[in-house]
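Quick notes on the structure that follows.
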Amino acid sequence: TSPEQIVRLLASSGLIIDQPEYSLELVTTLPLRSYSTPMRKAVKNALEGEHEFILNGAVRKATVNVRKVMIEGLPAISLYGANSAKTMRILIDGGMHTTEYLLLNGYNVVADRSFGSEVGVQLIGDYLYDRVFEMYNRRLSSLEISEILRAYGSRLAGGQQNYPEIACGSYVMQAQDLFMLTRAGSEILANRVLNDAGSLWGSTSDSVAGEFVYQYFVGGATYFITEELQRKMPRLLAAAKAEYANALGSAHVAQAIMRG
């Protein structure tokens, strides 16, 4: 856990909670590849305790109690997967920089058929950067890439945002240009995910992971590659508000723990 993550926790909670002093009962997550007893203890030690900080000029104090450290994706399945809780099911959690592939027996991870990859939506951003530079000798900034990705993803997120204007000498790239490039990058990411999923879970009747009835997809990647994945994984269900699935699930788990 980095100081930046602690700052984000304190800033976001401080903006929501208006009391000068408050307590947080926290459930947080780690990627599968990082999940171990020493790492869980390190996260708990870094976050737990009393934190004094200044927000908008006011002195604040937060007392953090880490209730549980879970594998990324498990909070989401606790929220969306109640109807499959007694079965084998799979979960793909696609984020900006990582993708988690979990096979679950109920709520228990089947370790030898689960995997964490350091490939995520950023692969699409890298593709955009490379292709625009290759075509126009134009280097996209991080902000421009973020705006392009946000515009592409927004078409499925409930409100189309505008693409930025990308000047390349005498030519200005149009929204359709950026859409087509982003779609091509999304296809590359989808193929990577399908290859990883197929290696882990095999194929049945030309469907990746076809032996599993319940298949869930969460994380921001749902706005980029859901349709592409469903061509080979027709049972794959993208969760509502998928980018918030782990956060909402963590809150759900924390409430259950507090109720005892």
Side-chain angles (χ1 to χ4, degrees), residues 25-37 39-41 43-44 65-95 98-117 120 156 190 192-223 225-260:
E25 304 298 322
L26 186 66
V27 171
T28 189
T29 63
L30 280 169
L32 177 62
R33 67 189 181 282
S34 304
Y35 193 79
S36 65
T37 298
M39 187 59 73
R40 294 201 305 272
K41 289 181 178 178
V43 168
K44 185 178 176 71
N65 179 24
V66 178
R67 290 284 189 157
K68 196 174 185 66
V69 181
M70 304 176 70
I71 296 172
E72 276 185 16
L74 284 182
I77 205 71
S78 73
L79 188 65
Y80 294 107
N83 62 329
S84 61
K86 296 181 179 181
T87 68
M88 300 288 283
R89 60 258 183 91
I90 62 172
L91 173 79
I92 299 175
D93 183 354
T98 62
T99 302
E100 306 294 324
Y101 305 83
L102 303 180
L103 173 62
L104 301 161
N105 184 0
Y107 292 100
N108 298 313
V109 174
V110 181
D112 62 349
R113 298 188 70 189
S114 299
F115 171 68
S117 165
L156 298 177
R192 288 285 296 271
V193 172
L194 287 170
N195 286 339
D196 286 340
S199 296
L200 275 174
W201 303 319
S203 296
T204 303
S205 298
D206 202 34
S207 293
V208 172
E211 67 179 281
F212 303 108
V213 174
Y214 296 98
Q215 306 176 9
Y216 302 94
F217 188 23
V218 301
T222 58
Y223 298 113
I225 60 173
T226 295
E227 293 176 358
E228 291 81 355
L229 295 188
Q230 286 174 337
R231 294 174 197 156
K232 288 291 186 180
M233 303 180 70
R235 291 186 179 277
L236 188 67
L237 174 67
K241 298 181 179 179
E243 71 274 38
Y244 303 122
N246 275 305
L248 294 171
S250 294
H252 177 76
V253 172
Q255 290 170 350
I257 292 172
M258 291 176 67
R259 287 195 298 266

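Taken to the nearest 0.5 Å, the OG atom of Ser78 stands 5.0 Å off from the NE2 atom of His252. With rounding to the nearest 0.5 angstrom, the OG atom of Ser199 is 10.5 Å from the CG atom of Leu194. Thr28 contributes atom OG1, which lies 13.0 Å from atom CZ of Arg40 (distance to the nearest 0.5 angstrom). Atom OH of residue Tyr214 and atom OG1 of residue Thr87 lie 6.0 Å apart, to the nearest 0.5 angstrom. Once rounded to the nearest 0.5 Å, the distance linking CZ of Phe115 with OG1 of Thr99 reads 9.0 Å.
For Glu211, the CD atom is densely surrounded, since the number of other residues' heavy atoms within 6.0 Å is greater than 12. Around atom CZ of Arg33, more than 12 heavy atoms belonging to other residues, nucleotides or ligands sit under 6.0 Å away.
For the pair Ser114 (side chain) and Leu103 (backbone), a donor-acceptor distance under 3.5 Å is present. With Arg89 contributing its side chain and Gly106 its backbone, the two residues share a donor-acceptor pair below 3.5 Å. A donor-acceptor contact shorter than 3.5 Å links the side chain of Glu100 to the backbone of Leu32. Under the 3.5 Å distance criterion, the side-chain polar atoms of Asn246 are matched with a main-chain donor or acceptor of Gly73. With hydrogens and angles disregarded, a donor-acceptor distance shorter than 3.5 Å links the side chain of Trp201 to the backbone of Arg113. In this structure, Tyr80 contributes its side chain and Gly249 its backbone to no donor-acceptor pair below 3.5 Å. At distances below 3.5 Å, not a single donor-acceptor pair connects side-chain atoms of Thr222 with backbone N or O atoms of Val218.
Using a 4.5 Å cut-off on side-chain heavy atoms (C-beta onward), Ile90 and Leu104 make no contact. Proximity of Ile257 to Val27: side-chain heavy atoms (C-beta onward) are separated by under 4.5 Å at one or more points. Side-chain atoms of Val110 and Met88, non-hydrogen and from C-beta on, do get closer than 4.5 Å to each other. At least one side-chain heavy atom of Leu102 sits under 4.5 Å from a side-chain heavy atom of Ile71.
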Tell me which donor-acceptor pairs under 3.5 Å the side chains of residues 228-239 have, and how far apart each pair is, sequence neighbours excluded?
unit_1: Gln230; atom_1: NE2; unit_2: Leu236; atom_2: O; d: 2.9
unit_1: Arg231; atom_1: NH1; unit_2: Glu187; atom_2: OE2; d: 3.2
unit_1: Arg231; atom_1: NH2; unit_2: Glu187; atom_2: OE2; d: 3.4
unit_1: Lys232; atom_1: NZ; unit_2: Asp206; atom_2: OD1; d: 3.2
unit_1: Lys232; atom_1: NZ; unit_2: Asp206; atom_2: OD2; d: 3.3

Practice item. Decide yes or no on side-chain hydrogen bond (donor to acceptor under 3.5 Å, both in side chains) for Tyr216 and Ser84, but give the supporting numbers first. Key: CA-CA 11 Å; Tyr216 302 94; Ser84 61; 2.8 Å; yes
**Study point:** Residue pair Phe217, Leu91: steps toward the side-chain contact (heavy atoms from CB on, under 4.5 Å) verdict
**Key:** CA-CA 6 Å; Phe217 188 23; Leu91 173 79; over 6 Å; no
Practice item. Apply side-chain contact (heavy atoms from CB on, under 4.5 Å) to Met258 and Arg67, showing your working. Key: CA-CA 9 Å; Met258 291 176 67; Arg67 290 284 189 157; 4.0 Å; yes
Practice item. List the steps and the verdict of side-chain contact (heavy atoms from CB on, under 4.5 Å) for Thr29 and Val69. Key: CA-CA 5 Å; Thr29 63; Val69 181; over 6 Å; no
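Using modelled atom types, one finds a donor on one side chain and an acceptor on the other under 3.5 Å when comparing Tyr223 with Glu243.
Residues Gln215 and Ala209 come closest through the heavy atom pair NE2-O, 2.9 Å.
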